[in-house]
Each structure stands twice: as structure tokens, then as C-alpha cells.
Amino acid sequence: MLIAMDAQHQLVNAATADRQSDYHCPGCVQPVRLKRGAVVVPHFAHVHATDCDAFSEGESTEHLRGKQQLATWFATSGYTVRLEAGLPDLHQRPDILVQRGTGQPLALEFQCSPLSVARLAARTQGYRQHGYQVLWLLGRPYQRQLHLNSKALKFLQYQQRWGTFLLFLDVQSASVRLLHHILTLDAEPLTYQTSRLDTRSQSVLSLQQLTPKMSSPTLPSAHLQRYYQQLLVARLRHQRGFDVLQADCYQRGGRLPNSPVGPCRPRPRYHCCQCHTWSGMLTSFLRCGNGRDV
């Protein structure tokens, strides 16, 4: 945790805390120890093992540093910032709670650890039901190349200017990477575009006002064109498979409706051709059609 309570019940940031003072966890009120050194990110940790519901032990260095970077970025951009703010009505504690003037408060969640879809949905819905906006930013475990089965996809968000998007925080470079206009069609590979901001030189306002344009406005049409081409290829393959089966039947002096449909082992060459699946479907169709001509 980055904050703790002193003897006067005031919240103190680990970066500026006095080593000689005693501190307690704001959640469970158990004693915590200040950890601050040349390498370690300043933070507090429970002195004794505890079942604290508000703060979990073992936060990664990336998570601690990322929360501090986000807090600094929003504070220098004119926001009121509360680190690890407790929200009693939600029984939740966002990594950072920010607000600009009288605007709607925004909960920032920097996710570096695994999170189930059910838990993600519950936390997001909880914020929104109580009047909080929420923005999920993802850490290194989620920053691999984006695929259809990527774990990051459960954090997809939508914004009118960005379309469907994901937001990543790179604590090494103190930069935010926006993947916007994420698209796919019928299990086609994902397409998206990327914008990057440096939190040390660009304000939060730069991110809010970012209106990226799609590099290819005809991208959805291109997806459709490729989809239709695949359909055409599939149909041609099926037609060729039909022709092969029919020609084979003619060479044997029969027709497809008269071909055996009972349990039998297909000839090995049918196993090798791409129409094997289709021929199985055709056999089933013939069986149900009582031998009618195709």
C-alpha cells in the first residue's frame, strides 16, 4: 500500500512518511511498517500476517510504481488525487480516485495481476452504479501481442472517439499506450491502431482530447471483402468435392443416391482430401433423404 494512517489518523504517503513514526493500515487498523530504500518503491506493509480485506500483501514493484506515476500525472494535470481511497458505500478501494473541479469522480484501476471476468464485471458495475466513472489501465502481464484469445480483451472499453479500446501503462518509460478502433469480423485477426503519450511531458488533457483517425476508413469493408472471398473459396471446395464423389460413383457404375450410407470405412484417399468433412455431411443428408436424387 502507498498510504497509511499516522497517530493523528491522518493519511500519509509512503514517499514522504517519517521513519520514526508509527503507522496503521487504513483498512484493518493493524500496524504497518514503512519500506523505503534506494531500490524498493516506498510503500507500507503489514507487520503481521492479516486477513485485511482492503489491502492485499505482495503488490508488485510495477503496480506500486504505476500507481505513483498515475497519481503524479493526474495531480500535475490539475486533478484532486486520492491514492487508495476507501469507498465505504461500495466496499471497494480503487488504486486512485481523481476528480477535476465538480466533475464526475474517476476511479483508476491499474491491473497487473489476474482478474476473473466475474470480478471485473462486479467492480466495474459497482463503480458505475454509485456515480463513479472507471478507467482500466493494464500492466506488463497484459502487454503481449494482441490476439483473439488475449487475456487483455476482457478489459475492452468503449469511447466514441476511440471506438473499442484498451489502455496500457508502461512504468519503465512512464508512458500510456492506447490501442483504439479494435476490430474483428467473424473470428478474423484483430486490427487496431496505436497512440502513445509520455506522462512526463504530456498532460491528461492530451489524452482526453486525443481524436485519432483511422488510417484506413475502409477497413470494415476490407474485412467484408476478405470474408466473402473465403465463403467463395469454401463453396468452390465443396463443389469440387461433390464433383469428385459423383465422378467416382459414375466410374463404379452407380450414382450418389445409390451409394452405401451404412457403416463403412471410406477409402484412404477420401481421408486425404479436403472434402472429407463435406462428404460426411452429404452422406448424412442422403440417409435422411431416403435416396432421393441430388
Point to revise | side chain to side chain contact (heavy atoms under 4.5 Å, CB included) assessment of Thr194 paired with Leu178 | key: CA-CA 6 Å; Thr194 303; Leu178 171 68; over 6 Å; no
Exercise for review: Report yes if some heavy atom in the side chain of Leu97 is under 4.5 Å from a heavy atom in the side chain of Leu87; otherwise report no.
Suggested key: yes
Exercise for review: Could you grab the distance from atom CG of Leu167 to atom CD of Glu109, nearest 0.5 Å is fine?
Suggested key: 13.5 Å
**Study point:** Sidechain-backbone polar pair: Glu62 side chain, Cys112 backbone, donor-acceptor under 3.5 Å
**Key:** no
Exercise for review: Nearest 0.5 Å please: distance from the CZ atom of Arg140 over to the CG atom of Leu138.
Suggested key: 13.5 Å
Check your understanding: Under a 4.5 Å side-chain heavy-atom rule over Ile, Leu, Val, Met, Phe, Trp and Tyr, are Tyr192 and Leu148 clustered together?
Key -> yes
Exercise for review: Write down the atom of Ser175, the atom of Arg196, and the distance for their closest heavy-atom approach.
Suggested key: OG-NH1, 3.3 Å
Revision key, fill the gap. Here the pair of heavy atoms bringing Lys151 nearest to Lys154 is O-CG, 3.2 Å
**Study point:** Tyr142 side chain vs Ser113 backbone, donor-acceptor pair below 3.5 Å
**Key:** yes
Exercise for review: Verify, without hydrogens or angle tests, whether Arg100 (side chain) and Phe74 (backbone) share a donor-acceptor contact under 3.5 angstrom.
Suggested key: no
**Study point:** Side-chain heavy-atom pair Leu156, Leu166 within 4.5 angstrom cut-off
**Key:** yes
Review point. After noting the C-alpha distance and the side-chain angles of Gln157 and Leu135, does the key distance pass the side chain to side chain contact (heavy atoms under 4.5 Å, CB included) rule?
Key: CA-CA 8 Å; Gln157 302 165 89; Leu135 185 64; 3.6 Å; yes
**Study point:** Under 3.5 Å donor-acceptor, Thr199 side chain and Ala174 backbone
**Key:** yes
**Study point:** Ser195 vs His180 side-chain heavy atoms within contact, under 4.5 Å
**Key:** yes
Practice item. Could you walk me through whether Arg65 and Gln172 pass side chain to side chain contact (heavy atoms under 4.5 Å, CB included), step by step? Key: CA-CA 9 Å; Arg65 187 175 298 170; Gln172 297 297 326; 4.2 Å; yes
**Study point:** Steps toward side chain to side chain contact (heavy atoms under 4.5 Å, CB included) verdict (Leu70, Asp95)
**Key:** CA-CA 9 Å; Leu70 288 171; Asp95 289 331; over 6 Å; no
Check your understanding: Is it true that a side-chain atom of Ser116 and a backbone atom of Arg119 form a donor plus acceptor pair closer than 3.5 Å?
Key -> yes
Revision key, fill the gap. When every non-hydrogen atom of Asp198 is compared with those of Ser173, the smallest separation belongs to OD1-O, 4.3 Å
Check your understanding: Is the backbone of Trp136 close enough, under 3.5 Å, to the side chain of Gln111 for a donor and an acceptor to pair up by distance?
Key -> no
Point to revise | Residues in side-chain contact (heavy atoms from CB on, under 4.5 Å) contact with Arg33, at least two apart in sequence or another chain | key: Val47
**Study point:** Residue pair Arg128 / Val134, side-chain heavy-atom distance below 4.5 Å
**Key:** yes
Check your understanding: Would Leu205 and Trp73 show up in the same hydrophobic cluster when neighbours are defined by side-chain heavy atoms closer than 4.5 Å?
Key -> no
Check your understanding: Rounded to the nearest 0.5 Å, how far apart are OH of Tyr132 and CD of Gln99?
Key -> 9.0 Å
**Study point:** Closest approach of Leu179 to Phe168 (non-hydrogen atoms, all atoms of both residues)
**Key:** CD2-CE1, 3.8 Å
Review point. Rounded to the nearest 0.5 Å, how far does OG1 of Thr191 lie from NE2 of His181?
Key: 10.5 Å
**Study point:** Least distance between heavy atoms, Gly66 atom then Val171 atom
**Key:** CA-CG1, 3.5 Å
Review point. Under 3.5 Å, is there a donor-acceptor pair between the side chain of Gln143 and the main chain of Leu169?
Key: yes
Check your understanding: Who pairs with Gln92 by side-chain contact (heavy atoms from CB on, under 4.5 Å), at least two apart in sequence or on another chain?
Key -> Leu90, Arg123, Tyr127
Review point. Would a 4.5 Å heavy-atom cut-off, applied to side chains only, mark Ile96 and Tyr79 as touching?
Key: no
Check your understanding: Is there a side-chain contact between Glu84 and Lys67 (heavy atoms, below 4.5 Å)?
Key -> yes
Review point. CD/Gln129 to OG1/Thr124 distance, rounded to the nearest 0.5 angstrom?
Key: 11.0 Å
**Study point:** Taking every non-hydrogen atom, the tightest pair across Arg93 and Gly86
**Key:** NH1-N, 3.4 Å
Check your understanding: Can you tell me how far the CD atom of Gln133 sits from the CD atom of Gln104, to the nearest 0.5 Å?
Key -> 4.0 Å
Practice item. State, yes or no, whether a side-chain contact exists between Thr72 and Val81 at a heavy-atom distance under 4.5 Å. Key: no
